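Some notes on the structure that comes next.
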Amino acid sequence: MEVPYKSATTTPANPNACTWAVCYDIGPENYDDHKPQTRIIGVFMYPTEAEDFILHCMPIETRNRFYIVHI
């Protein structure tokens with residue numbers, strides 16, 4: 001069965017315009033060099049989109065680990 005294509009009413013986002021990242025830190029005890037590391041799990045065009053991602057996609061138990069950074 002072929003899935004019908006629905007065209008978007010807006011133009012696709014420019015990757016260079018995505019300057020807000022959702023991040024979390026990994027503790028230094030997990031690495032040999034004992035330096036903390038940051039992981040980026042999503043990049044968004046607006047900070048409100050990043051907030052919505054955290055609120056709607058992250059489990060409530062771990063939601064406080066994530067933060068938003070302007071990159």
Side-chain angles (χ1 to χ4, degrees):
M1 182 172 107
E2 189 174 327
V3 177
Y5 174 75
K6 182 178 178 182
S7 63
T9 56
T10 60
T11 58
N14 178 3
N16 295 329
C18 298
T19 58
W20 294 93
V22 175
C23 306
Y24 70 95
D25 293 329
I26 300 175
E29 63 277 354
N30 297 319
Y31 297 100
D32 292 336
D33 60 0
H34 299 289
K35 293 181 183 177
Q37 295 189 11
T38 300
R39 297 286 187 247
I40 297 175
I41 59 168
V43 180
F44 301 91
M45 190 178 286
Y46 302 105
T48 53
E49 292 175 338
E51 290 173 357
D52 288 343
F53 177 78
I54 292 172
L55 289 175
H56 298 295
C57 297
M58 297 297 115
I60 201 162
E61 303 85 26
T62 61
R63 198 175 288 165
N64 60 344
R65 296 180 192 171
F66 300 95
Y67 57 93
I68 301 170
V69 176
H70 188 257
I71 54 173

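Computed from a predicted structure; not experimentally measured.
Counting all heavy atoms, side chain and backbone alike, Pro36 lies closest to Pro28 at N-CB, 3.8 Å. Heavy-atom minimum distance, Ile68 versus Ala50: CD1-CB, 3.8 Å. Scanning all heavy atoms of the two residues, the minimum distance from Arg39 to Tyr31 falls at NH2-OH, 3.2 Å. The heavy-atom pair separating Ile40 from Val43 by the smallest distance is CG2-CG2, 4.0 Å.
Aromatic ring orientation, Phe66 versus Tyr24: perpendicular (interplanar angle above 60°, classes split at 30° and 60°).
Going from atom CZ of Arg65 over to atom CD1 of Ile41 covers 11.5 Å, rounded to the nearest 0.5 Å. Considering CD of Glu51 and CZ of Phe44, their distance stands at 11.0 Å, rounded to 0.5 Å. In this structure, the separation between CE on Met45 and OG1 on Thr19 is 8.5 Å, given to the nearest 0.5 Å.
No more than 12 heavy atoms of other residues, nucleotides or ligands shown are found within 6.0 angstrom of CD1 on Ile60. No more than 12 heavy-atom neighbours from other residues, nucleotides or ligands sit within 6.0 angstrom of CG on Asp32.
The only member of Thr38, Val22, Ile54 that meets side-chain contact (heavy atoms from CB on, under 4.5 Å) when paired with Tyr67 is Thr38.
A side-chain donor-acceptor contact under 3.5 Å links Arg63 to the backbone of Leu55.
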